Amino acid sequence: MGNLFSRTSNGLVITIHSKGKWNQHWQSHLASNKLMVIDFSSSTCGPCRFIEPEINAMAARYTEIEFVKIDVIELPVVAVMWDVQVVPTFVLVKSGKEVGRVVGADKKELEETIQQQQKQRH
Amino acid sequence: MPLPPLLLSLFPLFPTPPELLYKSTSTFSLLLSRACSSLSFLDPLHTFPSTHIHFAATSFYRMAVSGFEGFEKRLELHFSGNDPLGLRRLRCDALAQVLDAVQCTVVSAVGNRYFDAYILSESSLFVYPQKMVLKTCGTTQLLRSVPCLLRHTADLGLRLRACRFSRGSFIFPRAQPFPHTSFAEEALYLEERLPPSLCLRRACVLPSASSHSWHVYAAADDDEYVAAASPSTFTVEVCMTELDRSLARGFFRRKGDERSGDAAGADMTDLTGIGGISPRALLCGFAFDPCGYSMNGLDRDRYSTIHVTPEDGHSYASFECTGGGEVIEWARRAIGVFRPGEVSVSVCVAEGGDEKQVWSATSAALEPLGLSCRSQAAEGLPGAGIVTYQTFTARGK
């Protein structure tokens, strides 16, 4: 649990369970220059389970990117804030702004979107 | 269960067999009967002897170059159980096994509060807690999903209550693998694999004024069941061929377009007007390379789906959705997008339906598009309610 607020990703997907923790994490994100991928998902959803291993693998591979998971049933307010209507929805943010979005469990699409964002850094 | 010898000898003569009607008692019995009695033809120039169905089907076997088969096979299964999540609990590996048996893969998928929607390499899959709809085209072996699904759903403590298999007539029937080589084979395959608890069963072929037919096999454990369980009243299935060529071009990827299937698909959804069909729905479109398009729409607990095979010579597009009476209007809009030369519309009315109302509402909706109704038919089916089948052709063709 100790890495909830850390700025260096340990290669794992961080799951946020409360609005309070999300606010804290958001502040931490604003203070950093890292790309963050917010994985909006739900435990009731088959497509979310389908892509979960791929997300875990990507988090391990792209250690300079922060991967955060939010269950839309647990935190519906955050889901509404980000205009999430179906799951999984992946929102890529940098310096507090949305820089990309992938709707649906499309492994190829997500990987390509992440790589595109990475290229733009250099 | 061995087939009676009469039935075996007749099958080679009837590529599209006449109606098979039976009810189980302690032993199953299969009876041959004439084509649906409720069939009526609206074009007075066509007169059809009662042997029409099988002769027309034979003449339809032309020696054409084989292309991608757009016409889908569709399977709808209803389950009951104590778990509110029901089928949505099916694990990834279980679903993967099912799709493997069918020979297709998941391209993309989303879910909302009510159901999960998968875009497959060949059409779509919708998973509700108590209902599953699997629709696949090409040369997929859709029915091979059944034994696999029955095993996995039993593990979840789910009980099959009703099953409905339906399809139109293939453009390239000879390219189809077992058990889709004929409707008789498909019916027999289901006969042998559905649990005996589904004791009400019916197979029928709804004919039209041409060689095309609508084939339906339905089974249920109780006549009253599905009408009560169904969340929406109507399911409409539209099959379109001879698509307007310039419109069909919109479903080809442009040369040098390096974008993802999702991005190009979203573009196609907008540019072709598909986005305007049911405005409340959230649409997930996918553009295949070099051509082809699939879309799943989610509107609360209602799905919609479109699949396009745009190649000239065997162009095809399908539209399907569930809902109340507005489904006819959505169907009209979808047909307007493709401007096809020929259309078939099948409506499944789950509860207390009246086929005459469906026939006239559908004809009235398509008339302004320049489409004339050439035939209409309807049948009652166990666990499904009433299924209608109408065919239309563009005037001046």
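Every chain is numbered from 1 and lettered A, B, ... according to where its sequence line falls, protein lines coming before strand lines. Here the structure is a predicted model, which is why all the values come from computation and not from measurement.
- Heavy-atom pairs under 4.5 Å with chain A were tallied for Leu95(B), Leu87(B), Val106(B); the largest tally goes to Val106(B).
- A side-chain contact (heavy atoms from CB on, under 4.5 Å) with Asp262(B) holds for exactly one of Asp106(A), Leu110(A), Thr113(A); it is Asp106(A).
- Expressed to the nearest 0.5 Å, how far SG of Cys92(B) lies from CD of Glu52(A) amounts to 8.5 Å.
- Ser260(B) and Glu112(A) are not linked by any side-chain donor-acceptor pair at a separation below 3.5 angstrom, with hydrogens and angles left out of the test.
- Heavy-atom distances place the backbone of Leu90(B), and not its side chain, under 4.5 Å from chain A.
- For the set Arg259(B), Arg91(B), Arg88(B), the entry with the most heavy-atom pairs within less than 4.5 Å of chain A is Arg88(B).
- More than 12 non-hydrogen atoms from other residues, nucleotides or ligands lie less than 6.0 angstrom from CG of Asp93(B).
- Comparing Cys48(A), Pro53(A), Cys45(A) by how many heavy-atom pairs each has under 4.5 Å with chain B, the most go to Cys45(A).
- With hydrogens and angles disregarded, no donor-acceptor distance shorter than 3.5 Å links the side chain of Arg113(B) to the backbone of Val86(A).
- Listed here is the closest heavy atom pair of Gly111(B) and Pro47(A): N-CG, 4.3 Å.
- Contacts between Ser42(A) and chain B at a heavy-atom distance below 4.5 Å are absent for every atom of the residue.
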| request: Apply side chain to side chain contact (heavy atoms under 4.5 Å, CB included) to the pair Val87(A) and Asn112(B), showing each step before the final yes or no. | output: CA-CA 6 Å; Val87(A) 287; Asn112(B) 68 10; over 6 Å; no
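- Heavy-atom distances place no part of Phe115(B) under 4.5 Å from chain A, backbone and side chain included.
- Heavy-atom neighbours of Arg193(B) CZ from other residues, nucleotides or ligands within 6.0 Å: above the threshold of 12.
- Between the CG atom in Leu85(B) and the OG atom in Ser43(A) there is a gap of 7.5 Å [rounded to 0.5 Å].
- Closest non-hydrogen pair, Arg89(B) versus Arg49(A), comes out as C-NH2, 3.6 Å.
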